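Each chain gets a letter, A, B and so on, in the order the sequences are listed, and its residues count up from 1. Note that the structure is predicted; figures quoted are calculated from it, not measured.
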2 protein chains.
Amino acid sequence: MDDRRGPHLLFLTDEQLKKGIEAMFFAYKGFTADPDRILEQYGYGRAHHRAIHFIHRSPGTTVNNLLAILGVTKQSLNRVLRTLVEDGLVESRVGTRDKRERHLVLTEKGQALEADLAEAQRARMRAAYREVGPEAVDGFRKVLEAMMDPDMRRHFNALKDPE
Amino acid sequence: MDDRRGPHLLFLTDEQLKKGIEAMFFAYKGFTADPDRILEQYGYGRAHHRAIHFIHRSPGTTVNNLLAILGVTKQSLNRVLRTLVEDGLVESRVGTRDKRERHLVLTEKGQALEADLAEAQRARMRAAYREVGPEAVDGFRKVLEAMMDPDMRRHFNALKDPE
DNA sequence: TGGTAAAGTCAACAAGACTGACGTAAATTG
DNA sequence: CAATTTACGTCAGTCTTGTTGACTTTACCA
């Protein structure tokens, strides 16, 4: 309601916040557009992409861990995972230390699709980054991280950082 | 594949781009979490939120314009719009200049829900902004805009800017 | 041995997207 | 003025991706 608040001097009006919210909405569309086009050719959806992405990112991850990262139910994930295993993109290996666990890894075929999807998505990100410069990118990442729920931030930070 | 490229010196490795992509994924979850909780109490979903948001933002907008902004089919939008009109949150007024058009406006009840949803979403955005400072916010907005498809960027820029 | 945990599955359901086909009213154009 | 196009609404059917709830199998652990 009020436009200016906060402890020091404040720079963010509700209108400016609203523009940020809208930017997020429009940008997310662009963010998913390129991989979506590729996935369509394979008869896959975004859920498949997410599974492939995080399995690639943490090879050998367990189903439970993946569930926590994606924040969906096991029934939902299982549907996706089953088709990926059937199609030979993902391999599910029985755990050695704990045989109840299944460790998920991408097959060669899975890695090929992952590379395809990742490159498409990176291309847009790279173009955007290049357009706006390194300082902007730093700010972008900082705001995004600050917007995450604590649990998600934990998962985000657990993913290995670029050296 | 290669890590460094571009005309000058380059700062973005594929690994860094990947972290940006993941940040986007986790942040979007947080971005929608608060309004989702409110919407649930009314039996509405995100689609209702989006319609309400953009009708509030451009009062009197036509159905066609809303379709272009949201990027969905009219069948999909209509389902949502119908319930909002039935529930008395949105009013659909026959156009005066062109009687084929319907101009959409929020009723008082609609405005009340909009205010609720907007404040919930702004609160998180505000907290994030405050955590990271004004320079970061500027970068955030710049990157998001650079990530949009041209059409979406057009719609984004057509929304009135904070003075 | 008994309880808990990991994974998988079956069934039913809902939101929200899609396509395709149609209908009506109003505007526009030849 | 007649024909076409536009704006909107609707019916019907499909798909993806999420949900809940119940149940099983296997394995770990105290």
Response to the item:
Atom CG of A:N78 and atom P of D:dG21 are separated, to the nearest Å, by 19 Å
Give every donor-acceptor pair under 3.5 Å between a side-chain atom in residues 32-40 of chain A and any protein atom, sequence neighbours left out.
{"from": "A:T32", "atom 1": "OG1", "to": "A:Y28", "atom 2": "O", "distance (Å)": "3.1"}
{"from": "A:T32", "atom 1": "OG1", "to": "A:K29", "atom 2": "O", "distance (Å)": "3.2"}
{"from": "A:T32", "atom 1": "OG1", "to": "A:R46", "atom 2": "NH2", "distance (Å)": "3.1"}
{"from": "A:D34", "atom 1": "OD1", "to": "A:R37", "atom 2": "NH2", "distance (Å)": "2.6"}
{"from": "A:D34", "atom 1": "OD1", "to": "A:R124", "atom 2": "NH2", "distance (Å)": "3.2"}
{"from": "A:D34", "atom 1": "OD2", "to": "A:R124", "atom 2": "NE", "distance (Å)": "2.8"}
{"from": "A:D34", "atom 1": "OD2", "to": "A:R124", "atom 2": "NH2", "distance (Å)": "3.3"}
{"from": "A:D36", "atom 1": "OD1", "to": "A:R46", "atom 2": "NE", "distance (Å)": "3.3"}
{"from": "A:D36", "atom 1": "OD2", "to": "A:R46", "atom 2": "NE", "distance (Å)": "3.2"}
{"from": "A:D36", "atom 1": "OD2", "to": "A:R46", "atom 2": "NH2", "distance (Å)": "2.8"}

Practice prompt. Sort out for me which residue in B:L113, B:I52, B:L89 forms a side chain to side chain contact (heavy atoms under 4.5 Å, CB included) with B:L106.
Written response: B:I52
Discussion item. Within the supplied structure, the quantity of interest is the number of heavy atoms (other residues, nucleotides, ligands) at a distance under 6.0 Å from B:E86 CD; does it exceed 12?
Written reply: yes
Worksheet entry | Aromatic ring proximity B:F54/A:F26, centre distance under 6.0 Å | yes
Worksheet item: Do A:H53 and B:E22 have side-chain atoms, one donor and one acceptor, less than 3.5 Å apart?
Response: yes
Worksheet item: How does protein contact run along nucleotides 14-21 of chain C, one letter per nucleotide 5' to 3', with B for base contact, S for sugar-phosphate only, - for none, heavy atoms under 4.0 Å?
Response: --BBBBBB
Show each protein N/O and nucleotides 25-30 of chain D N/O combination with a separation under 3.5 Å, one pair to a line.
{"from": "D:dC28", "atom 1": "OP1", "to": "A:K99", "atom 2": "N", "distance (Å)": "2.8"}

Discussion item. Checking B:R100 now: which residues fulfil side-chain hydrogen bond (donor to acceptor under 3.5 Å, both in side chains) with it, not counting sequence neighbours?
Written reply: B:D98
Distances under 3.5 Å only, N/O to N/O: pair up the protein atoms with those of nucleotides 1-4 of chain D.
none

Discussion item. I'd like to know if the side chain of A:Y44 pairs up with that of A:D87 as donor and acceptor (distance under 3.5 Å, no hydrogens or angles considered).
Written reply: yes
Fill in: Selection residues 71-83 of chain A - residue pairs positive for side chain to side chain donor-acceptor pair (under 3.5 Å), sequence neighbours left out
A:H48-A:T83
